[in-house]
Amino acid sequence: MSAAEFILVEKRERVGLARLNRPKALNALNPQLMLELMGALDDFDADESVGAIVITGDERAFAAGADIKDMALATAVEMLKRDAIGYFDRIRRVKKPVIAAVSGWCLGGGNELALSCDMIVASETARFGQPEINIGVIPGAGGTQRLTRALGKALAMEVILNNRVLTAQEALHYGLVNRVAPLERYLDEALELAGQIAQRAPLALRLAKEAINNAFETSLTEGIANERRAFYLLFSTHDQKEGMAAFIEKRSPDWQGT
Ligand code: DAK
């Protein structure tokens, strides 16, 4: 992709790492940053040498929300036409596992970005919130839906209606994040987790991710039927034959992604 201003990308073995890079604005999400992020995710998703993706910010902030200065004077029609945060829908279409490595502020659209990922690894300093109520609006990129599914109604009401900010430990307790690590370790832990996942059979990973996400989008009957079809489909892959043969032969599997 062309040189990006607000996203730094690198590859660490089979992990694609995208860093939000607007530190002076606490990584506030403006349209250009979102566009660059989506470009990076699309590139990693298409790259067969990448098995999993990590999105991170810096120690002070994962992201302090959508850029308030950018939208303060916008009209409803302008917001609708730009639909900059509509990019969030594209994150859901990334086929590979995506992990958010969160430190510091993770607020508003930043929290919605983290919630759009598949897993979250937090530093002890991470703070999660939806402070839109303070500026006269509500979450607009899925927060009322994803946070409520993650936390339950009672706590989501407090977070969204009264700007309750959750500490990393609270977020762990309520199941919002997968794990909490010391500040100096959170990114390494996220990269290690992504690295382990990236070693696994790619097509099984893809269908497993899809099936889990289905749990939030369909009825139980439909979700189970989808899961079963995906399970049967995997029996047409090389990697299913290889995985089961490797088990029987007591050796490590050699995944081909086919
Ligand atoms: N936007 C723009 N700039 C921001 C920002 C933000 N969200 N957050 C921080 N900054 C900037 C500050 O203005 C400041 O810039 P300068 O004044 O130095 O130029 C710099 O980052 C450092 O911030 P502070 O000086 O305020 O730092 P503190 O440590 O004192 O405070 C803070 C940190 C995170 C508590 C504070 O900065 C803060 O309250 N920030 C705003 C947090 C917030 O309200 N976030 C929610 C934003 S609304 C949509 C869907 C979704 C959304 C939008 C549209 N569509 C479907 C279209 C999402 C909306 C939101 O996220």
Side-chain angles (χ1 to χ4, degrees), residues 6-7 18-23 25-31 33-34 37-38 41 53-71 83-92 94 98-181 183 186-187 190 213 216:
F6 296 133
I7 297 291
R19 291 176 191 263
L20 314 190
N21 184 37
R22 272 192 90 198
L26 303 185
N27 294 325
L29 310 171
N30 66 10
L33 182 151
M34 290 304 289
L37 178 61
M38 293 313 122
L41 295 180
I53 299 165
V54 172
I55 302 176
T56 196
D58 53 48
E59 289 189 357
R60 192 168 169 214
F62 178 71
D67 191 322
I68 300 171
K69 294 167 189 168
D70 185 64
M71 62 186 166
D83 197 25
I85 312 286
Y87 292 124
F88 280 76
D89 300 340
R90 283 169 60 187
I91 299 176
R92 302 299 293 170
V94 175
V98 183
I99 298 174
V102 174
S103 176
W105 298 113
C106 184
L107 301 177
N111 196 37
E112 290 166 310
L113 172 61
L115 287 168
S116 299
C117 297
D118 302 313
M119 287 170 250
I120 302 176
V121 174
S123 85
E124 285 164 342
T125 64
R127 296 291 179 269
F128 299 86
Q130 295 289 158
E132 289 88 345
I133 200 81
N134 289 346
I135 52 171
V137 289
I138 68 170
T144 63
Q145 305 304 299
R146 290 202 182 99
L147 200 71
T148 305
R149 282 166 164 82
L151 297 179
K153 176 177 163 180
L155 187 53
M157 286 282 184
E158 257 193 273
V159 170
I160 294 170
L161 273 57
N162 201 31
N163 188 31
R164 174 163 169 191
V165 175
L166 301 179
T167 64
Q169 283 303 335
E170 286 174 319
L172 182 66
H173 174 77
Y174 293 118
L176 190 67
V177 307
N178 293 71
R179 44 179 100 170
V180 176
L183 180 59
Y186 79 100
L187 182 56
N213 281 331
F216 295 96

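Numbers here are sequence positions counted from 1. Just so it is clear, the structure is predicted and the values come from calculations on it, not from any experiment.
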Expected list for residues 56-66: side-chain donor-acceptor pairs under 3.5 angstrom, two or more places apart:
from, atom 1, to, atom 2, distance (Å)
Thr56, OG1, Ala101, O, 2.8
Asp58, OD1, Arg60, N, 3.0
Asp58, OD1, Ala61, N, 3.0
Asp58, OD2, Asn27, ND2, 3.4

Which value, rounded to the nearest 0.5 Å, describes the distance between [X] atom [atom1] and [Y] atom [atom2]?
X	Y	atom1	atom2	value
Leu113	Ile91	CG	CD1	4.5 Å
Arg179	Ser123	CZ	OG	14.5 Å
Cys106	Leu115	SG	CG	7.5 Å
Thr125	Leu183	OG1	CG	5.0 Å
Asp67	Leu29	CG	CG	8.5 Å

Do [X] and [Y] touch side chain to side chain, with heavy atoms closer than 4.5 Å?
X	Y	value
Val180	Glu124	yes
Arg90	Leu41	no
Gln130	Glu112	yes

Locate the shortest heavy-atom distance separating [X] from [Y]; write the atom from each residue and the value.
X	Y	result
Asn111	Gly129	CB-O, 3.6 Å
Ala190	Val54	O-CG2, 3.9 Å
Phe128	Ala122	CZ-CB, 4.0 Å
Ala18	Leu37	CB-CD1, 4.1 Å

Give the intermediate values and the outcome of side-chain contact (heavy atoms from CB on, under 4.5 Å) for residues Leu20 and Ile7. CA-CA 5 Å; Leu20 314 190; Ile7 297 291; 3.6 Å; yes
Could you walk me through whether Ile68 and Ile135 satisfy the side-chain contact (heavy atoms from CB on, under 4.5 Å) test, starting with their C-alpha distance in whole Å, then the side-chain angles of each, then the deciding distance to 0.1 Å, before giving a yes or no? CA-CA 9 Å; Ile68 300 171; Ile135 52 171; 4.1 Å; yes
Hey, mind stepping through Met34 and Phe88 against side-chain contact (heavy atoms from CB on, under 4.5 Å) and telling me if it holds? CA-CA 8 Å; Met34 290 304 289; Phe88 280 76; 3.4 Å; yes
Kindly write out the residues that satisfy salt bridge (Lys or Arg N to Asp or Glu O under 4.0 Å) with Arg19, not counting sequence neighbours, or none if the list is empty. Glu10
Sequence neighbours excluded, which residues qualify as salt bridge (Lys or Arg N to Asp or Glu O under 4.0 Å) partners of Arg92? none
Would you mind writing out the side-chain donor-acceptor pairs for residues 137-161 within the sub-3.5 Å range, not counting sequence neighbours?
from, atom 1, to, atom 2, distance (Å)
Arg146, NH1, Ser116, OG, 3.3
Thr148, OG1, Thr144, O, 2.4
Glu158, OE1, Arg164, NH1, 3.3

side-chain hydrogen bond (donor to acceptor under 3.5 Å, both in side chains) partners of Asp70, counting only residues at least two apart: Arg82
Going by side-chain hydrogen bond (donor to acceptor under 3.5 Å, both in side chains), name the residues that satisfy it together with Asn30, two or more places apart in sequence or in a different chain. none
For Ile120, is there any backbone N or O sitting under 3.5 Å from a side-chain donor or acceptor partner on Asn178? yes
